[in-house]
Amino acid sequence: MEVLERYLNVGWPDDAPTRAAITFELLHTLPAQLDDARKRIYDDIERPLSAVLARMEVRGVRLDADYLRAQSEVMGGRIAALEQDIQRHAGHEFSVSSRDQLEKVLYDELNLESGKKTKLTGKRSTAVSALEPLRDEHPIIPALLEYRELSKLKGTYLDPLPALINPRTGRLHTTFAQASVATGRLSSLNPNLQNIPIRSEAGREIRKGFIADPGFCLISADYSQIELRLLAHISGDEAMQQAFTSGADIHRRTASQVLGVMEELVTPSQRRAAKTVNFGVLYGMSAHRLGNDLGIGYAEANRFIEAYFAVYPGIRAYIERTLAFGREQGYVETLYGRRRYVPELKASNRTMREAGERVAYNMPIQGTAADIIKVAMVRLDERLSALGARLLLQVHDELLVEAPEGQTDEIAALMQELMEGAASLSVPLSVEVGAGPNWYDTK
DNA sequence: TAGATTACGGGG
DNA sequence: CACGCCCCGTAATCTA
């Protein structure tokens with residue numbers, strides 16, 4: 001425990017009472033040493049939030065265990081059939097869930113063309129991204145892809161979740177880690193309720209198992225495109241701010257501007273390309289990766305990115321300004337002053353340094369989004385309690401609430417108003433709200 | 001046998 | 001040549 005060494009000059013004791021006493025000691029030693037901005041983050045956000053999170057953990061969320069177990073049965077049958085199918089295509093039995101055995105079957109026995117290699121050991125990859133190009137090459141591939149998807153859902157969600165229901169409360173209780181993510185986000189563990197499937201229909205069905213208490217309904221409220229809105233605000237880029245202020249569809253607007261096409265004429269694939277770039281720019285995506293994702297050449301991807309920065313010049317300026325600040329100060333920070341130290345910015349190894357740069361200009365955006373939803377949670381908690389409603393989960397940009405059936409509309413409206421007003425920026429924040437008997441039906 | 005490592009894949 | 005940010009959980013496999 002470095003913190004103890006540094007601030008109290010003691011090691012981490014073995015016995016629980018002394019550990020508790022020392023932790024308590026830290027609780028008044030550390031906050032007193034914070035400077036202004038950091039003290040405000042602690043006093044106004046993190047300390048009150050810890051009480052909100054504690055109540056959310058204790059409250060838990062109701063699960064329809066019978067539904068999830070039934071889904072698991074169905075899926076188990078399908079997985080077994082797929083396994084037979086896969087082994088028939090291979091010509092012999094093998095452990096389909098072993099990537100090492102699968103590697104030999106695909107690339108040595110069936111002589112399929114291996115593409116990607118694994119990162120650390122250089123084996124021939126069997127990941128989805130490596131199998132997808134082979135989809136039409138052999139009927140074993142689509143069977144494998146479905147097997148992978150379904151066994152993931154069964155093994156990670158359908159089977160473990162019902163077994164984790166607390167017999168005393170009859171509900172499922174996660175733990176939120178408040179100080180483990182470098183950007184200021186929360187994380188959720190044991191079980192992780194921040195990665196419940198939504199993208200595929202088969203996965204999304206799992207959300208039907210998250211249900212409201214009798215007499216209550218679930219309300220989900222989502223910040224839409226909060227990170228891009230923050231990029232517009234923090235960078236000061238006027239074109240991007242204008243897009244949000246005028247209520248435009250940001251991806252359509254981007255495609256229109258970058259490609260020089262009227263908005264009404266933007267095709268779905270052009271909009272998809274713009275969406276990929278809008279998100280990719282936050283992560284520092286290379287032209288190489290973009291070209292891959294869009295199925296276009298490296299050179300064309302490069303032109304696309306250049307055109308993007310020409311349309312939104314403030315974004316490149318933000319990146320440069322943030323990197324200069326980070327090299328100078330050794331850290332970068334959010335709008336509220338939450339810091340992340342990034343010593344890699346001074347690394348002599350280029351790969352390490354560039355990785356540090358991506359981290360550095362992403363953190364203020366991701367971290368400010370985390371700050372804002374935390375503020376919203378602290379403010380919402382009291383208002384909701386007074387109305388007999390309660391916060392259940394935070395999934396980064398989304399809050400899930402359980403509300404008395406009679407007051408659903410009123411509470412949904414309150415959530416939207418309060419979340420949109422959690423910060424005042426040069427662009428509006430937008431929150432989408434939905435209600436239903438289960439999580440699936442809130443969207 | 002337990003813990004660590006690796007590959008993989010679920011979410012924002 | 002490199003090659004997209006932040007997490008957590010599972011299963012297979014390796015290592016102490």
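Just so you know, these numbers come straight off a predicted model, no measurement behind them. Letters A, B, ... are given to chains in the order of the sequence lines, protein chains preceding strands, and every chain is numbered from 1.
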Inset, instruction - With a 4.0 Å heavy-atom cut-off, tell me which residues in residues 331-349 of chain A come close to DNA chain B, sorted by residue number. - result: none

Inset, instruction - Using the P atoms only, state how far C/dC3 lies from B/dA7, rounded to an integer number of Å. - result: 15 Å

Inset, instruction - Could you tell me whether A/Leu282 contacts a base, only the sugar-phosphate backbone, or nothing, with contacts defined as non-hydrogen atoms closer than 4.0 Å? - result: nothing

Legend entry - Between C1' of C/dC7 and CG of A/Asn192, the distance in whole Å: 7 Å

Inset, instruction - Please state whether the base of B/dG9 and the side chain of A/Lys152 form at least one donor-acceptor pair under 3.5 Å? - result: yes

Legend entry - Parallel, tilted or perpendicular: ring planes of A/His251 versus A/Phe279, cut at 30 and 60 degrees: tilted

Inset, instruction - For A/Asn190, answer base if it contacts any base atom (sugar-phosphate contacts may also be present), sugar-phosphate if it contacts only those atoms, and nothing otherwise; contact means non-hydrogen atoms under 4.0 Å. - result: sugar-phosphate

Legend entry - Closest non-hydrogen atom pair, A/Ser188 against A/Gln194: N-OE1, 3.2 Å

Inset, instruction - Answer yes or no: does a side-chain N or O of A/Thr126 lie under 4.0 Å from OP1 or OP2 of B/dC8? - result: yes

Inset, instruction - State whether A/Arg199 places a side-chain N or O below 4.0 Å from either non-bridging phosphate oxygen (OP1 or OP2) of B/dG12. - result: yes

Inset, instruction - Could you check whether A/Ile198 gets within reach of a base, just the sugar-phosphate, or nothing at all, counting any heavy atom under 4.0 Å? - result: sugar-phosphate

Legend entry - Residue met sooner reading DNA chain C from 5', once A/Tyr298 and A/Asn362 are mapped to nucleotides: A/Tyr298

Inset, instruction - Taking only the side-chain nitrogens and oxygens of A/Ser98, find out if one of them lies under 4.0 Å from OP1 or OP2 of C/dT13. - result: yes

Inset, instruction - Indicate whether OP1 or OP2 belonging to B/dA7 is found under 4.0 Å from a side-chain N or O atom of A/Arg99. - result: no

Inset, instruction - Give a yes or no on whether a salt bridge exists between A/Arg338 and A/Glu46, defined as a side-chain N under 4.0 angstrom from a carboxylate O. - result: yes

Inset, instruction - Evaluate the ring planes of A/Phe94 and A/His92, with Trp represented by its six-membered ring, and classify them as parallel (under 30°), tilted (30 to 60°) or perpendicular (over 60°). - result: tilted

Legend entry - Test applied, side-chain hydrogen bond (donor to acceptor under 3.5 Å, both in side chains); reference residue, A/Arg135; option that passes from A/His138, A/Glu132, A/Glu137: A/Glu132

Inset, instruction - Answer whether the closest heavy-atom distance between the side chains of A/Thr183 and A/Arg340 falls below 4.5 Å. - result: yes

Legend entry - A/Ser97 side chain near C/dA12 phosphate (N/O to OP1/OP2, under 4.0 Å): yes

Inset, instruction - Ignoring hydrogens and angles, tell me if any N or O in the side chain of A/Thr169 forms a donor-acceptor pair with the backbone of A/Arg171 under 3.5 Å. - result: yes

Inset, instruction - Using side chain to side chain contact (heavy atoms under 4.5 Å, CB included) as the criterion, point out the one residue from A/Asp44, A/Val52, A/Ile45 that pairs with A/Lys374. - result: A/Ile45

Legend entry - Any A/Thr156 side-chain N or O less than 4.0 Å from OP1/OP2 of C/dG9: no

Inset, instruction - For A/Phe279 and C/dC5, give me the distance from atom CZ to atom P, rounded to whole Å. - result: 16 Å

Inset, instruction - Look at all strands and tell whether A/Ala182 reaches a base, only sugar-phosphate, or nothing, counting heavy atoms closer than 4.0 Å. - result: sugar-phosphate

Legend entry - Side-chain N,O (A/Ser125) to OP1/OP2 (B/dC8) below 4.0 Å: yes

Inset, instruction - Just call it for A/Leu186: base, sugar-phosphate, or nothing, with non-hydrogen atoms closer than 4.0 Å on any strand. - result: nothing

Inset, instruction - Measure from CG on A/Leu102 to P on B/dC8 and round the result to the nearest Å. - result: 9 Å

Inset, instruction - In whole angstrom, give the distance that lies between atom CZ of A/Arg148 and atom P of C/dA11. - result: 13 Å

Inset, instruction - In whole angstrom, give the distance that lies between atom CG of A/Leu393 and atom P of C/dC7. - result: 20 Å

Inset, instruction - Specify the separation, in whole Å, of atom CG of A/Asn195 and atom P of C/dC6. - result: 17 Å

Legend entry - N/O (side chain, A/Arg185) to phosphate O (OP1/OP2, C/dC6) under 4.0 Å: no

Inset, instruction - Could you check how far CG of A/Asp397 sits from P of C/dC7, rounded to whole Å? - result: 15 Å

